**Student:** 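Here it is, the structure in full.
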Amino acid sequence: MMHSFRTVPDIRIANGGAARLGDHLQDLCANKRICIVTDKGVRKLGLLDAALVSLHEAGYDAMVFDDVVADPPEAMVLTGAQAAKEFGAGLIIGFGGGSPMDTAKVMAHLCGCDQPLADMYGVGKARGARLPLMLIPTTSGTGSEVTNVAILTTGETEKQGVVADALYADRVLLDVSLTLGLPKLITASTGIDAMVHAIEAYTSLPQKNPLSDTLALSALTKLGGAIERVCVDGGDIEAREHMLIGSMLAGQAFSNAPCAAVHALAYPLGGFFHVPHGLSNALVLMEVMKYNLPKADILYGEIAQHLKLGMGGAALIDEMARIKDATDVPQTLASVDVPQNAIDMMAKDAMTKTRLLMNNPREMTYSAVVDIYEAIA
Ligand SMILES: [Zn+2]
């Protein structure tokens with residue numbers, strides 16, 4: 001069997017790097033005009049301020065598109081691309097969590113070629129040139145900075161993915177100082193999401209490979225201890241850096257060995273009820289792992305052994321339950337205002353996520369999905 005592995009070619013790890021952003025753009029932007037894609041939350045926290053000063057001092061002209069919202073709607077992405085085109089941007093920078101980064105990936109494409117967005121959905125469909133693209137995460141979890149995926153909301157609630165190698169950014173900047181102020185709940189749920197990326201990559205059949213396995217295991221080693229440390233002390237910079245690097249490693253793993261049923265069951269929570277992505281995954285995680293155990297015992301057991309948790313796959317499930325409890329993330333659908341009578345609709349929607357379900361170690365059925373949602377109702 002042949003395996004191939006792809007990732008972003010230039011990944012920079014620099015505490016305080018965003019404040020020296022002008023220094024990190026060599027050879028990326030031909031015309032010194034930059035479109036920064038972010039959201040109002042990032043703006044309000046002032047995370048972009050020093051970066052904008054640095055760009056100005058380095059002679060760049062920057063426009064900021066800060067209209068990104070969670071679960072990016074395609075109309076918003078089209079508006080952003082139009083604004084960047086009119087500005088004459090020569091570089092797109094995604095600055096924020098998963099939504100700004102995903103939006104930036106697609107905007108870079110829309111600005112660089114004439115392919116309509118509707119033709120880009122699916123695997124390998126986004127073709128043609130795009131503008132140079134740089135990604136700077138401000139949360140530790142999505143791993144979007146090193147993936148070739150962008151998830152957009154089309155219509156009312158439906159989500160579609162653009163998956164193509166052209167979505168790998170040209171450069172990534174990991175600056176731990178941007179993550180220091182993240183609130184505890186976001187830190188915990190996005191950190192658990194990153195652990196899910198690593199676990200699902202490690203069990204992803206048939207695409208798991210020696211490189212994705214190695215990255216997934218290193219990601220889990222870094223994330224496992226760090227999440228709880230950061231929940232106790234948000235200013236623990238060493239633990240914050242472990243989380244940032246760990247979520248990036250997990251992103252590299254699942255970009256090559258894709259996610260599975262945890263994500264398939266999590267997406268309807270975001271699509272129908274706007275439950276944040278990390279939290280959605282944390283909610284369904286335990287029950288999906290229990291369902292998978294009969295087929296995933298050996299692989300979960302390998303992870304457990306690597307993390308020195310003991311023998312057998314159940315040890316990994318116990319550890320994830322312990323981390324969830326220790327970080328106080330919500331445990332039921334009711335606690336995030338998802339009503340029990342939505343389960344049938346969500347289960348039907350989850351079953352359409354074949355791009356994800358095909359990678360699950362145990363075949364998922366409609367009735368199993370209903371049982372899982374009911375167990376956490
Ligand atoms: Zn995820």
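Model, not experiment: these values are computed from the prediction. Residues: numbered from 1 along the sequence shown. In listed order, ligands and their atoms are each counted from 1.
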**Student:** What's the atom name of the N, O or S in D193 nearest to the Zn ion (ligand 1)?
**Tutor:**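 Looking only at N, O and S atoms of D193, the one nearest the Zn ion (ligand 1) is named OD1.
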
**Student:** Is R229 salt-bridged to E238, cutoff N-O under 4.0 Å?
**Tutor:** yes

**Student:** Suppose you place the vertex at the Zn ion (ligand 1); what is the angle out to H277 NE2 and H263 NE2, to 10°?
**Tutor:** 100°

**Student:** Is the Zn ion (ligand 1) under 2.8 Å from any N, O or S atom of C259?
**Tutor:** no

**Student:** State plainly whether the residues D318 and R322 are in salt-bridge range, i.e. N to O under 4.0 Å.
**Tutor:** no

**Student:** Salt bridge check: are K159 and D349 linked by an N-O gap of less than 4.0 Å?
**Tutor:** no

**Student:** Salt bridge or not between R43 and D49? Use side-chain N to carboxylate O under 4.0 Å.
**Tutor:** no

